[in-house]
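In what follows, a single structure is set out as C-alpha cells and then discussed.
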Number of protein chains: 2
Amino acid sequence: MSRCEQCIARQLNSMKTLTKEELRDVAACKRTLYFKKGEVIFGENELLSGVYCVREGICKMIKLSANGKDHTVKLMGKGKLIGQRSVISEERTHLSAVALNDVELCYVPKDQILGNIKSNQEFSFNVLQNLAQDLREAEGDLINMAQKSVRQRLAEALTYVSKTFGETEDGYLNVKLSREDYASIVGTATESAIRILSQFKKEGLISTSGKRIKIEKLKELERVE
Amino acid sequence: MSRCEQCIARQLNSMKTLTKEELRDVAACKRTLYFKKGEVIFGENELLSGVYCVREGICKMIKLSANGKDHTVKLMGKGKLIGQRSVISEERTHLSAVALNDVELCYVPKDQILGNIKSNQEFSFNVLQNLAQDLREAEGDLINMAQKSVRQRLAEALTYVSKTFGETEDGYLNVKLSREDYASIVGTATESAIRILSQFKKEGLISTSGKRIKIEKLKELERVE
DNA sequence: AGAAAAACATGACAATTATCATAGTTTAAA
DNA sequence: TTTAAACTATGATAATTGTCATGTTTTTCT
C-alpha cells in the first residue's frame, strides 16, 4: 500500500530525486506516525535511528535552557526532514523536536537514507544543497540575533510565519502561535513579546482576534526599526 | 611542482578522501594566494568561482551591519574551506572573508570541487558530514546568542580561541585579537568587551600583556555566570 | 453553560547592555 | 626614537530588555 509517489513530501525535499525503485524501497520500510500538539518526537542528546518527514502539521526544534525557557531554533512545516543532520553526522541530537500542533510524520530508517546517499549521486547532491541552505539560514538567524532588536526580530518572525505558512482567506495567519511561542522564536521574555505585539497593534501594524493575528501593514512591519 | 599530497590542509578536511589522481588534478589547477592582515578575500553578495583552503593564518567570516559594526560569524583556521557553502548551493556569498592576520590560501576552482563531489562518493559524503557539522555549530552559536549573557559569551570566546588556535609556551593565546574583534565575535559593543575583559582580569581569570591574553583559570572561565 | 486553566495584558522596577565622552597606553611607522 | 594612530580603559548616563506582581480575557474541558 505504498503511496510515496504521491506524497506531498516528495515534491518538497530531496526525496524527489529518488528513482521509482528507490522510492519503492523507502515505502516498504517507512512508517507513518501521529503526534498530538505538544508531544515530543525526540529529545536532546538522543540517538536517532531514522529521519522524520513532516507530512502534515508543524514541528518546532527547540533547545532547553537552564532557566526553563527554551529557545525555538526553527519551525518545520510540510515536507521538511527532521533529524537529517544528526543522522548524517552520526551524532546525538542536540535539539528536541516537538509537535506545534497535531502532526503526521513519515518515519524512514536511517539505513535507507544513508544507503540512498551512497548510491544515488543526485540524491546525495540534493541533500548537500539542502544542508548548505539550512546552514545559510542558521547563519542568517545568528546575525539577526546579534544585530537586531527584539522589536525587529519579532516583526520578522511575524512576516516569516505569514510567508512560510500562509494566511486564511480573511487575512489571519494560518498558524496559531502563543505569545510564549513567539518569545521563544525571537529569544526574549514572554512579557516582552506580549508588550511589543501590543505596540504593533496600537501602531496598526497588526490586529488580533483572540490569539489569532492578522498582519495589516506588511511593508511597515518589514521596515520596523 | 604539485605538493598537494603533503599539504597540511589534506589532513584536515574533505580533501583527505581524494585519490592520488584526483589530488593531482586539483594540484594542476590550484593557485596559491597571499593576503595581508585586514585584506578582503571576498565581499558579501559575490559569486565565487572556487573555494579557498586556509593553509596558513586565520580568516574571519563577517557580516556588515547598518551601523558599521560588523559581526564575526566564525574564524577559519588552518585547513578550513572558505566559500564551500556558496559554491555548493550555487548562491552568492552572504558573508565577507577577511584576513585576520597574514594568510596563505589555496584556491581551487569550483568545477574541480563539484566534479569530485559528483564522482567520488566518499568525498561527497565527507563534505556532507562537514556541512552537517558546520550546521550544528551554527545552531549552537545561535542558541548561545539567545540564551547567554555577554559575559558568558565572551568567556566562551576566550576558551574557544585557546582550544582552537592554541597557546604559546608561556601560556598566552596564539592568536592576537583586538577587543574590537572579540566584541564582533561575541556580538556586543567594543566598550562592553573591554569592560568585561577588565573584570576577568580583576577576578584573576585572565591576565594580559599588552594586547596579548593569557587564560589563568580555565575551569572558572568555563563556569562564568 | 459554567468552572478551571491557560494565555494575555500592563505597571513598576531591576538588570544588562549600549552610547558618549575623555584620557591613558601600546603599537607601528616615519 | 619619536610621533601619530590605533587601541585600551573607565566614568556617566541612556536605552533596552528582563523580572515580578497582579488583574483580565480567552480557551478548554466537563
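Proteins get letters first, then strands, A, B, ... in listed order; numbering begins at 1 in each.
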Legend entry - Whole-Å distance separating the CD atom of A:Q152 from the P atom of D:dA15: 17 Å
Inset, instruction - Check the distance between C:dT25's C1' and B:L197's CG and give it to me in whole angstrom. - result: 16 Å
Inset, instruction - Report yes if the side chains of A:I215 and A:L221 come closer than 4.5 Å at any heavy-atom pair, otherwise no. - result: yes
Legend entry - Side chain proximity check, B:V127 to B:L81, heavy atoms < 4.5 angstrom: no
Legend entry - Listed partners of A:E104 passing side chain to side chain contact (heavy atoms under 4.5 Å, CB included), at least two apart: A:T32, A:Y34, A:R55, A:E56
Inset, instruction - Write down the distance between CD (A:Q199) and P (D:dT17), rounded to a whole number of angstrom. - result: 10 Å
Legend entry - Interatomic distance where CG belongs to B:D181 and C1' belongs to D:dA6 [whole Å]: 13 Å
Inset, instruction - For A:N101 and A:I58, indicate whether the former's side chain and the latter's backbone hold a donor-acceptor pair under 3.5 Å. - result: yes
Inset, instruction - Starting at the 5' end of nucleotides 10-22 of chain C, put B wherever the base has a protein heavy atom under 4.0 Å, S where only the sugar-phosphate does, and a dash everywhere else. - result: BBB----SSBB--
Show me, pair by pair, the donor-acceptor contacts under 3.5 angstrom made by side chains of residues 181-190 of chain A, not counting sequence neighbours?
residue	atom	partner	partner atom	Å
A:D181	OD1	A:K60	NZ	3.4
A:D181	OD2	A:S178	N	3.0
A:D181	OD2	A:S178	OG	3.2
A:S184	OG	A:D70	O	3.0
A:S184	OG	A:T72	N	2.9
A:S184	OG	A:T72	OG1	2.6

Inset, instruction - Using whole Å, report how far CE of A:M145 lies from P of D:dT17. - result: 12 Å
Legend entry - Residue pairs fulfilling ring pair (Phe, Tyr, Trp, His ring centres under 6.0 Å) with at least one residue in residues 83-110 of chain A, sequence neighbours excluded: A:Y52-A:Y107
Would you list the protein and nucleotides 22-29 of chain D atom pairs, both N or O, that sit under 3.5 Å from each other?
none

Legend entry - Atom-to-atom span, CD of A:E180 to P of D:dT19 - whole angstrom: 13 Å
Legend entry - Pair listing, salt bridge (charged side-chain N to carboxylate O under 4.0 Å, His left out) test, anchored in residues 216-225 of chain A, at least two apart: A:K163-A:E222
Inset, instruction - Take atom NZ of B:K36 and atom P of C:dA28, then tell me their distance rounded to the nearest Å. - result: 13 Å
Legend entry - Any B:R92 side-chain heavy atom under 4.5 Å of B:E44 side chain: no
